[in-house]
Amino acid sequence: LFALLLIVLEWSRPGLPSPLRPICDLRVLDHFIKEARDAEAAVRVCKEECAIAVSLLVPLTRVDFGVWEKKNMEEQALEVQTGLWLLSKAISSLRASVSNSALASHIDISVQNIASIGQVLRSLSIQVSRHITSDEPIKPRGLDDYVPIAGGLDIQETWRVSSASELFQVHINFLRGKVRLLLANAPVCQQGIS
C-alpha cells in the first residue's frame with residue numbers, strides 16, 4: 001500500500017510526465033487488430049455461410065500521408081468516425097446472414113470493438129462539428145447514433161467488397177492505418193511527451 005502511494009505521489013509531482021492514459025495506449029488497439037485478424041481467419045475458411053449476397057460499402061484504407069497531415073484533427077476524426085460507421089454497418093450486415101455460433105462470436109466481438117473505438121474517440125475530446133439548423137447544443141454521440149453529416153461521407157473515399165474475408169482485411173487495415181494515426185497523434189496523448 002505504501003509503495004502504491006509513493007508511485008501515485010511520484011506521478012503527481014510537478015515537472016514529471018503523467019503516466020500514459022489508457023486511451024492512448026496503442027496496445028489496446030493492437031488487441032482489437034488481433035481480434036479482427038482472428039475474425040478474418042475464421043471467415044476465410046467459411047465458404048457458403050459467409051457469402052455476401054450484395055457487395056458492401058467500406059472505407060478506403062490507403063493513407064496519403066501528405067494529404068492526411070494537412071488535415072486538422074477534426075477532419076481526421078471525421079474521416080475515422082465515418083470509416084468506423086461504414087465498417088460497423090458492413091460487419092453487422094454480415095452478422096445478419098451468419099448462423100454458426102463460433103463465427104457469429106468473432107463478428108460480434110468486431111462490432112463491439114468498433115463501438116469501443118468510437119467511445120475512445122469521444123474520450124479524446126476531438127470535436128467533430130456538425131451543421132445544425134436549430135439552437136440545440138451538440139451532444140456527444142456514439143457510433144450507434146452516428147450518421148455521417150452532409151459532406152461527411154465522401155464516396156470517393158469508399159469502395160465495395162464482395163467477400164467476408166475482404167471485409168475483415170479492410171477492417172484490419174483501417175485499424176492499422178487511419179485509426180492508429182489518429183490515436184497516436186491525438187493532442188491528449190501528446191501531453192507530457194517531449
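All residue numbers refer to positions in the sequence shown, counting from 1.
- When the side-chain contact (heavy atoms from CB on, under 4.5 Å) test is applied to N72, the partners found at least two apart in sequence or on another chain are E74, E75.
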Review point. How far apart are the C-alpha atoms of R180 and L29, what are their side-chain angles, what is the distance that settles it, and do they pass the side-chain contact (heavy atoms from CB on, under 4.5 Å) test?
Key: CA-CA 7 Å; R180 180 176 295 278; L29 181 60; 3.7 Å; yes
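- Applying the side-chain contact (heavy atoms from CB on, under 4.5 Å) rule to V54 yields no partners; only residues at least two apart in sequence or on another chain are considered.
- In terms of modelled atom types and a separation under 3.5 Å, the side chain of S92 and the main chain of K89 share no donor-acceptor contact.
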Exercise for review: Test V58 against L86 for side-chain contact (heavy atoms from CB on, under 4.5 Å), laying out the working first.
Suggested key: CA-CA 5 Å; V58 295; L86 286 169; 5.6 Å; no
Exercise for review: Output, in order, the C-alpha distance, side-chain angles, deciding distance and verdict of side-chain contact (heavy atoms from CB on, under 4.5 Å) for Q76 and L181.
Suggested key: CA-CA 9 Å; Q76 292 173 353; L181 282 171; over 6 Å; no
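- Considering all non-hydrogen atoms of both residues, L60 and K178 come closest at O-NZ, 3.4 Å.
- Rounding to the nearest 0.5 Å gives a distance of 9.0 Å between CZ of F174 and OG1 of T61.
- Expressed to the nearest 0.5 Å, how far CD1 of I117 lies from CZ of R122 amounts to 13.0 Å.
- Both F65 and M73 are assigned to one and the same hydrophobic cluster, defined by single-linkage of ILVMFWY side chains at heavy-atom distances under 4.5 Å.
- The side chain to side chain donor-acceptor pair (under 3.5 Å) search around N185 returns none, not counting sequence neighbours.
- In terms of heavy-atom proximity, A39 sits nearest to S110 at CB-OG, 3.8 Å.
- Remark: S101 pairs with no residue by the side chain to side chain donor-acceptor pair (under 3.5 Å) rule, at least two apart or across chains.
- The minimum heavy-atom distance between A90 and L56, with the atom names listed, is O-CD1, 3.6 Å.
- Between F168 and V161, the closest side-chain pair of non-hydrogen atoms is not below 4.5 Å.
- Transitive grouping of hydrophobic side chains (ILVMFWY, heavy atoms separated by less than 4.5 Å) brings V111 and V98 into a common cluster.
- Every residue two or more places apart in sequence or in another chain that forms a side chain to side chain donor-acceptor pair (under 3.5 Å) with R95 is listed here: D108.
- Distance CG/L167 to CD1/I91: 5.0 Å, rounded to 0.5 Å.
- The backbone N or O of L78 lies less than 3.5 Å from a partner atom in the side chain of T82, making a donor-acceptor pair.
- Residues meeting the side-chain contact (heavy atoms from CB on, under 4.5 Å) test with S163, sequence neighbours left out: S165, E166.
- Put simply, the side chain of S162 does not reach to within 4.5 Å of the side chain of I52, judged on heavy atoms.
- With rounding to the nearest 0.5 angstrom, the CD1 atom of I33 is 9.0 Å from the NE2 atom of H171.
- Note that CG of L175 and CG of D30 are 10.0 Å apart. Values are rounded to the nearest 0.5 Å.
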Practice item. Take L182 and L121 through the test side-chain contact (heavy atoms from CB on, under 4.5 Å) and record every step on the way to the result. Key: CA-CA 9 Å; L182 182 68; L121 290 180; 3.3 Å; yes
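- The side-chain heavy atoms of V170 and L87, taken from C-beta on, include a pair separated by under 4.5 Å.
- At distances below 3.5 Å, at least one donor-acceptor pair connects side-chain atoms of S116 with backbone N or O atoms of Q112.
- Going from atom CH2 of W68 over to atom CD of E79 covers 5.0 Å, rounded to the nearest 0.5 Å.
- Remark: R176 pairs with N173 by the side chain to side chain donor-acceptor pair (under 3.5 Å) rule, at least two apart or across chains.
- Under the salt bridge (Lys or Arg N to Asp or Glu O under 4.0 Å) criterion, R44 pairs with E40, not counting sequence neighbours.
- Considering every non-hydrogen atom in both L84 and G118, the closest pair reads CD1-N, 4.4 Å.
- Residues meeting the side-chain contact (heavy atoms from CB on, under 4.5 Å) test with K34, sequence neighbours left out: D38.
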